[in-house]
Amino acid sequence: MATQWFGVMGNPVEHSVSPAMVNAAFSVLKLDAVYLAFRVLPEAVTDAVRGLSALGASGVNVTIPHKQAVLPLVSQRSAEVDLAGAANTLLFHQDGTIDAHNTDIAGWWQSISPALPAGWTTAAVIGAGGAARAVLTALALFAPHCQVAVVARDQTKAAQLQRQFADRLSVTVHDWDDRGAAIAASDLAVNATSLGMWPKVDGCAVADGRCFHTGQVVQDLVYVPLETRWLQLAREQGARCVDGLGMLVGQGVAAVKLWTGLDAPADVMRAAAETALRDR
Ligand code: NAP
C-alpha cells in the first residue's frame, strides 16, 4: 500500500508543531504515513481542498483562518461541526467524498475536565472567536448545567454566540471592561483570545491577577509560549493552571483516531510538541 499522507492547512502554518506531534504518533503506531504543513491563503481554500482530495490525501487538519470556509466544500458534517459551525479535521474518501469533523471540542474537554473540581458550575470564556466557539460547544455537550460568562471586546460576536447556544447553555454576555468581575465569579476561566501569543508575549487579557483565586481552574488556549502571562498571574494567586498544549494534543489524538482507527499515544505526542516548541 502506498504511503498515506496527511497535513494541516492554514495561514500562517510555518511554525505549527502539529507535524512533529502527529509524525511522532505515526512512528509509534508503525504507520507508513506522513504529515505535512500546507500554507493555504484564503482565496485558495477551494482549490486546496479539491486538490488534496484529487491527489489522494487521506486527511487534513484545518486551522486559522479556514475552519469555517471549508464547510461548503465537504460532503458530510458531524453533529459537532453543525453545532460549532466550524471544522478542524477533514477525512478524504477514495470516492472523492469528504467528511468534516471537529476534534477541537473533545480535545478541549479532555484537556480541562480532569482539572475541574466536583460541583463546579460557572465558567468565564474570554474571547468570541473560533476557539471560544469550540469551548462553548464542548460545554453544551459535556457540561450543559454550567453558567457561562462570555467576555469579548466585540459585543456583536459575543451576542451571536449567546444566541447560537441559547437552546443548550446558559450564556451571559459581558463588556470587556467588566472582565475582572466575570472572571472572579467563575470556577473556570479560559483565555480564548490570542492575547499573550508569541511574539507579543507581554499581552494578557487582564492587567493584574486580582481576579484569580485559590480553588479556581484557569486555562490559556494559547500554547506558544506554554507559560503565558495569564497563567503566571493565575498561578501567583493560587489557581490551578492548565496550559493550551493539552487541547492541541487532545484534538490530534482524536484526529488520528478518525483517520486511522488507532489510539495515538498522547504522552509521545505531547513530548514531541514540547520539543518542537523548544526548538522553534
Ligand atoms: P480567532 O477566531 O481569531 O479569535 C480570536 C479572539 O481573540 C477574538 O475574540 C478576538 O477579538 C480576540 N482578541 C484578539 N486580540 C484581542 C485584543 N487585543 N483584545 C481583546 N480581544 C482580542 O482565533 P481563535 O481560533 O479563536 O484562536 C484564539 C487563540 O486560541 C489563538 O492564540 C490560538 O492559537 C489558540 N488556539 C489554541 C488551540 C489549542 O489547541 N490549544 C486551538 C485553537 C486555538 P475580535 O473578534 O474583536 O478581534
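Note that the structure is predicted; figures quoted are calculated from it, not measured. Each ligand, and each atom within it, is numbered from 1 in the order the structure gives. Just so it is clear, the values below take in all heavy atoms, side chains as well, and ignore hydrogens, waters and symmetry mates.
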Which residue and atom name correspond to the protein heavy atom nearest atom 37 (C) of ligand 1, and how close is it?
Leu221 O, 3.1 Å
Distance-only donor-acceptor hits, side chain of residues 34-54, under 3.5 Å, sequence neighbours excluded:
| residue | atom | partner | partner atom | Å |
| --- | --- | --- | --- | --- |
| Tyr35 | OH | Asn61 | OD1 | 2.6 |
| Arg39 | NE | Asn11 | OD1 | 3.0 |
| Arg39 | NE | Glu14 | OE2 | 3.4 |

Within 4.0 Å of some non-hydrogen atom of Val222, the atoms of ligand 1 are 32 (O)
Looking at Gln232, I want to see if its CD is surrounded by more than 12 non-hydrogen atoms of other residues, nucleotides or ligands under 6.0 Å.
yes
Can I get a per-line list of side-chain donor-acceptor pairs under 3.5 Å for residues 24-32, giving both atom names and the distance, sequence neighbours left out?
| residue | atom | partner | partner atom | Å |
| --- | --- | --- | --- | --- |
| Asp32 | OD1 | Thr3 | OG1 | 3.0 |
| Asp32 | OD2 | Thr3 | OG1 | 3.4 |

Could you measure the distance from the CZ atom of Arg270 to the CG atom of Asp243? Nearest 0.5 Å is fine.
4.5 Å
closest protein heavy atom to atom 41 (N) of ligand 1 is Gly244 O, 2.8 Å
Please write down residue, atom name and distance for the protein heavy atom closest to atom 39 (C) of ligand 1.
Met247 SD, 3.6 Å
Closest to atom 9 (O) of ligand 1 among protein heavy atoms sits Ala128 N, 2.9 Å
Counting heavy atoms only, which of Ala205, Ala192, Ala131 comes nearest to atom 5 (C) of ligand 1?
Ala192
For Gly127, the ligand 1 atoms whose distance to one of its heavy atoms is below 4.0 Å
9 (O)
Residue portion contacting ligand 1 (non-hydrogen atoms closer than 4.0 Å) for Thr63:
neither
Within the side chain of Gln216, is there an N or O that forms a donor-acceptor pair under 3.5 Å with the backbone of Ile183?
yes
Mode of Trp176 contact toward ligand 1 - side chain, backbone, both, neither (heavy atoms, under 4.0 Å):
side chain
Which bit of Ala134 gets closer than 4.0 Å to ligand 1, counting heavy atoms only: side chain, backbone, both or neither?
neither
Please check this pair: side chain of His213 against backbone of Ala184, looking for a donor-acceptor N/O pair closer than 3.5 Å.
yes
Which of the ligand 1 atoms, numbered from 1, are nearer than 4.0 Å to a heavy atom of Asp154:
47 (O)
Establish whether atom 24 (P) of ligand 1 and some protein heavy atom are separated by less than 4.0 angstrom.
yes
Between Trp5 and Phe92 (judged by ring centroids, cut-off 6.0 Å), do the two rings come close enough to count as a pair?
no
Under 4.0 Å between heavy atoms, the region of Val224 that gets near ligand 1 turns out to be neither
Among protein heavy atoms, which sits nearest to atom 8 (C) of ligand 1, and what does the distance come to when rounded to 0.1 Å?
Gly129 N, 4.0 Å
How far is atom 17 (C) of ligand 1 from the closest protein heavy atom, and which atom is that?
Arg153 NH1, 3.2 Å
Can you tell me if Gln251 contacts ligand 1 (heavy atom of the residue under 4.0 Å from the ligand)?
no
For a quick check under 3.5 Å, do Trp259 and Gln4 share a side-chain donor-acceptor pair by atom type?
no
Measure from the side-chain N and O atoms of Arg133 to the backbone N and O of Ala84, and report whether any donor-acceptor pair falls under 3.5 Å.
yes
Specify the closest pair of heavy atoms between Ala33 and Asn23, including all atoms of both residues, with the distance to one decimal.
O-OD1, 4.4 Å
Provide the closest heavy-atom pair for Thr63 versus Lys67 in the form atom of the first, atom of the second, distance.
CA-CE, 3.8 Å
Is Arg133 touching ligand 1 with its side chain, its backbone, both, or neither, if touching means heavy atoms under 4.0 Å apart?
neither
Within the 4.0 Å heavy-atom shell around Lys157, which atoms of ligand 1 are there?
45 (P), 46 (O)
Of the protein's non-hydrogen atoms, which lies at the shortest distance from atom 34 (O) of ligand 1, and what is that distance?
Met197 SD, 3.6 Å
If you round to the nearest 0.5 Å, how far is CD of Glu80 from CG of Asn88?
11.0 Å
Heavy-atom nearest neighbour in the protein, as seen from atom 40 (O) of ligand 1, with distance rounded to 0.1 Å:
Leu248 N, 3.2 Å
